[in-house]
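Encoded as structure tokens, the structure appears first; notes follow it.
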Amino acid sequence: QVQLVESGGDSVQAGGSLTLSCVYFGVTTSTNCMAWFRQFPGKGRERLARITTPNGPATYGAAAEGRFIISHDNAKNTISLQMNSLTPEATALYYCAARLAEDCWGKTYVTDFPSWGRGTQVTVST
């Protein structure tokens with residue numbers, strides 16, 4: 001069974017940097033869409049970034065464009081999200097998600113991703 005495990009969430013000061021990681025297990029297909037979402041308390045999950053494995057492009061949602069960078073390490077079955085110049089509004093629970101055996105074209109919503117990690121908390125203070 002597919003399993004995704006996020007790590008790297010922490011409490012940081014405004015202006016600081018953080019890199020999240022997601023290690024995935026049980027994935028047998030080469031081409032997959034891997035994504036990062038975040039969820040604020042009491043709200044739905046917001047798509048931040050997507051990347052098609054193993055060599056496809058990365059795309060970003062409006063909240064992440066020009067701010068965050070998604071990357072993939074094929075050898076380690078890991079995707080990362082680099083976040084710099086963090087502000088308090090970035091405080092949220094960050095999730096890794098996957099849709100296997102497909103590229104990321106047209107994959108926009110929570111319902112497009114069948115597989116999810118349990119989340120990692122990011123807290124940015126002033």
Side-chain angles (χ1 to χ4, degrees):
Q1 184 173 331
V2 175
Q3 184 178 12
L4 289 73
V5 182
E6 304 97 335
S7 63
D10 206 348
S11 296
V12 298
Q13 295 289 321
S17 299
L18 204 58
T19 298
L20 308 181
S21 296
C22 172
V23 180
Y24 48 94
F25 307 91
V27 178
T28 59
T29 50
S30 179
T31 297
N32 308 286
C33 181
M34 308 296 297
W36 285 100
F37 286 72
R38 69 183 177 188
Q39 185 172 27
F40 302 110
K43 297 185 178 181
R45 297 182 185 185
E46 175 188 38
R47 178 176 57 82
L48 295 171
R50 307 171 298 178
I51 189 165
T52 296
T53 64
N55 304 118
T59 56
Y60 298 90
E65 184 71 48
R67 300 180 178 182
F68 301 162
I69 300 174
I70 188 172
S71 60
H72 175 244
D73 188 328
N74 186 56
K76 297 181 179 179
N77 287 344
T78 300
I79 59 167
S80 298
L81 186 68
Q82 180 181 322
M83 304 184 294
N84 299 319
S85 300
L86 287 167
T87 56
E89 54 263 34
T91 296
L93 190 62
Y94 286 70
Y95 291 91
C96 180
R99 188 181 183 96
L100 307 182
E102 295 185 39
D103 62 30
C104 286
W105 193 92
K107 312 304 187 297
T108 302
Y109 307 105
V110 168
T111 53
D112 292 322
F113 294 87
S115 303
W116 293 84
R118 291 185 290 181
T120 185
Q121 179 68 38
V122 172
T123 302
V124 184
S125 61
T126 57

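Here, residue 1 is the first one in the sequence, and each next residue gets the next number.
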By salt bridge (charged side-chain N to carboxylate O under 4.0 Å, His left out), Arg99 pairs with (sequence neighbours left out) Glu102
In short, Pro88 meets Ala14 closest at the heavy-atom pair CD-CB, 4.2 Å
Is it true that Tyr95 and Trp36 fall in one hydrophobic cluster, defined by side-chain heavy atoms closer than 4.5 Å?
no
Please answer: with hydrophobic residues joined when any side-chain heavy atoms are less than 4.5 Å apart, are Met34 and Val110 in the same cluster?
-> no
Applying ring-ring contact (aromatic ring centres under 6.0 Å, His included) to Phe37 and not counting sequence neighbours gives Phe113, Trp116
Residues at least two apart in sequence or cross-chain that pass side-chain contact (heavy atoms from CB on, under 4.5 Å) with Val122, listed by chain then number, are Leu18, Leu20, Met83, Tyr94, Val124
Quick note, disulfide bond (SG atoms under 2.5 Å apart) partners involving residues 39-96, not counting sequence neighbours, are Cys22-Cys96
Rounded to the nearest 0.5 Å, the CD1 atom of Ile69 sits from the OG1 atom of Thr19 at a distance of 9.0 Å
Contacts satisfying salt bridge (charged side-chain N to carboxylate O under 4.0 Å, His left out) that involve residues 30-48 (not counting sequence neighbours) are Arg38-Glu46
Separation between CG (Leu86) and OG1 (Thr91), nearest 0.5 Å, reads 8.5 Å
Residues passing the side-chain contact (heavy atoms from CB on, under 4.5 Å) test with Ser115, sequence neighbours excluded, are Val2, Leu4, Ala98
Residue pairs passing the disulfide bond (SG atoms under 2.5 Å apart) test with at least one member in residues 28-59, sequence neighbours excluded, are Cys33-Cys104
So the side chain to side chain donor-acceptor pair (under 3.5 Å) pairs with at least one residue in residues 53-67 (sequence neighbours excluded) are Asn32-Thr53, Arg50-Thr59
Residue pairs meeting side chain to side chain donor-acceptor pair (under 3.5 Å), one or both in residues 2-14, sequence neighbours left out, come to Gln13-Ser125
The remaining residues in the hydrophobic cluster of Trp105, counting side-chain heavy-atom contacts under 4.5 Å among Ile, Leu, Val, Met, Phe, Trp and Tyr, are none
So side chain to side chain donor-acceptor pair (under 3.5 Å) across residues 76-86, not counting sequence neighbours, yields Ser17-Asn84
What about Leu81 and Val12, same hydrophobic cluster or not, with Ile/Leu/Val/Met/Phe/Trp/Tyr joined at side-chain heavy-atom distances under 4.5 Å? yes
Quiz item: Are Leu100 and Val27 close enough, and set up right, to give a side-chain contact (heavy atoms from CB on, under 4.5 Å), and what steps lead you there?
Solution: CA-CA 8 Å; Leu100 307 182; Val27 178; 3.9 Å; yes
Taken in chain and number order and not counting sequence neighbours, the residues that satisfy side-chain contact (heavy atoms from CB on, under 4.5 Å) with Tyr109 are Thr111, Asp112
